[in-house]
Amino acid sequence: MTDLHARTRAVLPDWLALYYREPLEITHGEGRHVWDAEGNRYLDFFGGILTTMTAHALPEVTKAIAEQAGRIIHSSTLYLNRPMVELAERIASLSGIPDARVFFTTSGTEANDAALLLSTAYRQSNQILAMRNSYHGRSFSAVSITGNAAWSPTSLSPLATHYVHGGVRGRGPFADLDDAEFTRACVADLHDVLGQAGGRFAALIAEPVQGVGGFTSPPDGLYAAFREVLAERGILWIADEVQTGWGRTGDHFWGWQAHAQSGPPDLLTFAKGIGNGMSIGGVVGRAEVMNCLDANSISTFGGSPVTMAAGLANLTHLLDHDLQGNARRVGGLLIERLRAVCAQQPGVREVRGRGLMIGIELTHPGTDRADPEAAARVLEEARRGGLLIGKGGGHDTSVLRIAPPLSLTVAEAEEGAAILARALNEALRPA
Ligand code: PMP
């Protein structure tokens, strides 16, 4: 065990999981690459959990941070804050939500907590609908809408949460149905839950593509069908775009746009990629809902000038270089390569995803049984080959998660696919 590993274990809580038998210390990065403390270079296909959105050490972002830090680091929301207003204006107009208001937080968890506070206050109800297999954060409120046992440390809850089907296409009781029947079955399940629970519901919260849950998603249009049912009852729709926002899915700028027939969500939460590593989260929503609180509410650090300057520079770079288009093109090529690679592997159950959000689900060959040990082995082998990837999925971590910065080049996609092919061969070789 390295000294830093031992010190980490001694001073930080046991539940703070680390990747790899010998955990990595990443010391610097550039573009799509990072280096560890021993000087090894890796192609980064996980971006610190989908957070390095454009590139490591992007000069515009680094410069914006340094310049803003040289002027003023903090003032609080009690004073006018130009970079915060500018970023809020950009996000409001990109959100697709009419007359939108934006509130900044420091994390995705806090963004979802704010959305829960807003929706429950607006609707005067603590009943929430969430998706099975969901993940929305680590706080007391976020954990209580998390449909994934591995990330639910307590069942105590400030909310009455009811879980509905639909987030996982390839498993569960409706997996064998075709897309239209699957959607109909999930809508029927939603009606059933609404009928059984009685009372008023505040909102349904959903990740358009489930992140921690293993990059699973419903057929396009499912959330639009849900929305029609919800709208009849005045129930709000919260899209958690913490992983899916900013063009990561390639086809769309927001994940909800794959379900756009019934209009935009009432509230949309974001975090991770927008700050490229600076801690920005937030919620954007209809003014009527955003303005419903009748007591003060602030975030001391939310919208801090340095993070906002970074977010503005990062977003400008993303839009100017059409990184959504890049995610679509390079992601399309990458998933094709990975499908070809995995076609030879009996331990791969499914390769799925959209844009630069690609999941590879591993099972014991010839069965439907998840194989988390295989996933851990592939991670180790990929690292040995010079590639960092992530993992996730349901109640057992058996899905490889691939989510590089959105500036990934074709050459890097090819290189990463080749490393992963070798890693799969090594890790899934029959004993
Ligand atoms: N929502 C989703 C969909 C997430 O993936 C995450 C983080 N993995 C969160 C919320 C929580 O974000 P944070 O870790 O910044 O609190």
Next item on the list: Please confirm whether F270 and W254 have ring centers closer than 6.0 angstrom.
Entry: no
Notebook entry, point to check: So, the side chain of T146 versus the backbone of N148: is there a donor-acceptor pair under 3.5 Å, distance only?
Noted result: no
Note to self: Quick check: do P98 and P264 have side-chain heavy atoms less than 4.5 Å from each other?
What the structure shows: yes
Checklist line | Nearest-0.5 Å distance that lies between atom CG in L408 and atom CZ in F45 | finding: 5.0 Å
Item checked: Stepwise side-chain hydrogen bond (donor to acceptor under 3.5 Å, both in side chains) check, H165 with D189 -> CA-CA 7 Å; H165 283 289; D189 174 60; 4.6 Å; no
Check: Minimum heavy-atom separation for I72 to V306, with atom names?
Finding: O-CG2, 4.2 Å
Item checked: Taking every non-hydrogen atom, the tightest pair across Q68 and A309 -> CB-CB, 3.8 Å
Checklist line | Among H56, H33, R32, side-chain hydrogen bond (donor to acceptor under 3.5 Å, both in side chains) partner for D44 | finding: H56
Next item on the list: Search all heavy atoms of S119 against all heavy atoms of L267 and return the closest pair with its distance.
Entry: CB-CD1, 4.3 Å
Note to self: Going by ring-ring contact (aromatic ring centres under 6.0 Å, His included), name the residues that satisfy it together with F182, two or more places apart in sequence or in a different chain.
What the structure shows: none
Notebook entry, point to check: Are there more than 12 heavy atoms of other residues, nucleotides or ligands under 6.0 Å from atom CH2 of W151?
Noted result: no
Notebook entry, point to check: How long is the gap from CD1 on I360 to CD1 on I335, to the nearest 0.5 Å?
Noted result: 8.5 Å
Next item on the list: Spell out, as yes or no, whether a donor-acceptor pair under 3.5 Å connects the side chain of T52 to the backbone of G48.
Entry: no
Margin query: Show the nearest heavy-atom pair for residues P208 and D240, with the distance to one decimal.
Written below: CD-O, 3.3 Å
Next item on the list: Begin from the C-alpha positions of L406 and H317 and carry the test side chain to side chain contact (heavy atoms under 4.5 Å, CB included) through to its verdict.
Entry: CA-CA 11 Å; L406 304 186; H317 180 91; over 6 Å; no
Margin query: With a 3.5 Å distance limit and no angle check, can you tell me whether N291 reaches the backbone of A287 through a side-chain donor-acceptor pair?
Written below: yes
Check: What do you reckon, is CG of L293 surrounded by more than 12 foreign heavy atoms closer than 6.0 Å?
Finding: yes
Margin query: Under a 3.5 Å distance rule, please check whether E207 uses its side chain to pair with a backbone N or O of Y135 as donor and acceptor.
Written below: yes
Margin query: Do V85 and L80 have side chains that approach each other closer than 4.5 Å (heavy atoms only, starting at C-beta)?
Written below: no
Next item on the list: Any chance you could measure S152, atom OG, to I145, atom CD1, to the nearest 0.5 Å?
Entry: 10.5 Å
Note to self: Quick one, Y163 with V193, criterion side chain to side chain contact (heavy atoms under 4.5 Å, CB included). Give me CA distance, side-chain angles, the key distance, then yes/no.
What the structure shows: CA-CA 8 Å; Y163 291 95; V193 170; over 6 Å; no
Check: Does M357 offer a backbone N or O that forms a donor-acceptor pair with the side chain of R248 under 3.5 Å?
Finding: no
Checklist line | Minimum heavy-atom distance V143-R138, with the two atoms named | finding: CG2-O, 3.5 Å
Next item on the list: For atom CG of D320, decide whether the heavy atoms of other residues, nucleotides or ligands shown that lie under 6.0 angstrom number more than 12.
Entry: yes
Margin query: Can a donor-acceptor pair be found, under 3.5 Å and without considering hydrogens, that links the side chain of E110 to the backbone of T106?
Written below: yes
Notebook entry, point to check: Between atom OG1 of T307 and atom CZ of F104, what is the distance when rounded to the nearest 0.5 Å?
Noted result: 8.0 Å
Next item on the list: Decide yes or no for E60 and T316: does some side-chain heavy atom of the first lie under 4.5 Å from some side-chain heavy atom of the second?
Entry: no
Margin query: Quick check: do P305 and N81 have side-chain heavy atoms less than 4.5 Å from each other?
Written below: yes
Check: So do the side chains of F226 and V164 get within less than 4.5 Å of each other, counting heavy atoms only?
Finding: yes
Margin query: Let me confirm one number: the CD1-CG distance from I97 to D266, rounded to the nearest 0.5 Å.
Written below: 7.5 Å
Notebook entry, point to check: Using the benzene-type ring in the case of Trp, are the ring centres of F201 and H162 under 6.0 Å apart?
Noted result: yes
Notebook entry, point to check: Quick one: are E350 and V399 in side-chain contact, heavy atoms under 4.5 Å?
Noted result: no
Item checked: Lys/Arg-Asp/Glu bridge criterion (N-O < 4.0 Å) met for R354, D220 -> yes
Note to self: Let's go through R171 and N133 carefully: what are the C-alpha distance in whole Å and the side-chain angles of both, what is the deciding distance for side chain to side chain contact (heavy atoms under 4.5 Å, CB included) to 0.1 Å, and is it a yes or a no?
What the structure shows: CA-CA 11 Å; R171 283 186 181 270; N133 200 50; over 6 Å; no
Check: Passes side chain to side chain contact (heavy atoms under 4.5 Å, CB included), W246 versus F253? Steps please.
Finding: CA-CA 5 Å; W246 321 108; F253 192 76; 3.7 Å; yes
Check: Quick one: CZ on R401 to CG on L379, what's the gap to the nearest 0.5 Å?
Finding: 10.5 Å
Notebook entry, point to check: Can R184 and D178 be counted as an ion pair, charged N to O under 4.0 angstrom?
Noted result: no
Check: Is it true that a side-chain atom of Q210 and a backbone atom of F215 form a donor plus acceptor pair closer than 3.5 Å?
Finding: no
Notebook entry, point to check: For the side chain of E241 and the backbone of G255, is there at least one donor-acceptor N/O pair under 3.5 Å apart?
Noted result: yes
Next item on the list: Check the surroundings of atom CD in E30: do more than 12 heavy atoms from other residues, nucleotides or ligands lie under 6.0 Å from it?
Entry: no
Check: What residues, two or more places apart in sequence or in another chain, satisfy side chain to side chain contact (heavy atoms under 4.5 Å, CB included) together with S93?
Finding: none
Margin query: In the structure I gave you, are the side-chain heavy atoms of K272 and M53 within less than 4.5 Å of one another anywhere?
Written below: no
Note to self: If you count heavy atoms of other groups shown closer than 6.0 angstrom to CZ of R21, is the number above 12?
What the structure shows: no
Note to self: Tell me whether the count of non-hydrogen atoms from other residues, nucleotides or ligands lying under 6.0 Å of CZ in F301 goes above 12.
What the structure shows: no
Check: Shortest non-hydrogen contact from V242 to G108?
Finding: CG2-CA, 4.0 Å
Item checked: From K391, R369, R169, R349, residue fulfilling salt bridge (charged side-chain N to carboxylate O under 4.0 Å, His left out) relative to E361 -> R349
Margin query: Donor-acceptor pair, distance only, cut-off 3.5 Å: does the side chain of T367 make one with the backbone of T363?
Written below: no
Checklist line | Close side-chain approach of R328 to D251, heavy-atom, < 4.5 Å | finding: yes
Note to self: Atom CD1 of residue position I49 - does it have more than 12 heavy atoms of other residues, nucleotides or ligands inside 6.0 Å?
What the structure shows: no
Margin query: When you measure from the side chain of T62 to the backbone of L58, do you find a donor-acceptor pair of N or O atoms at a distance under 3.5 Å?
Written below: yes
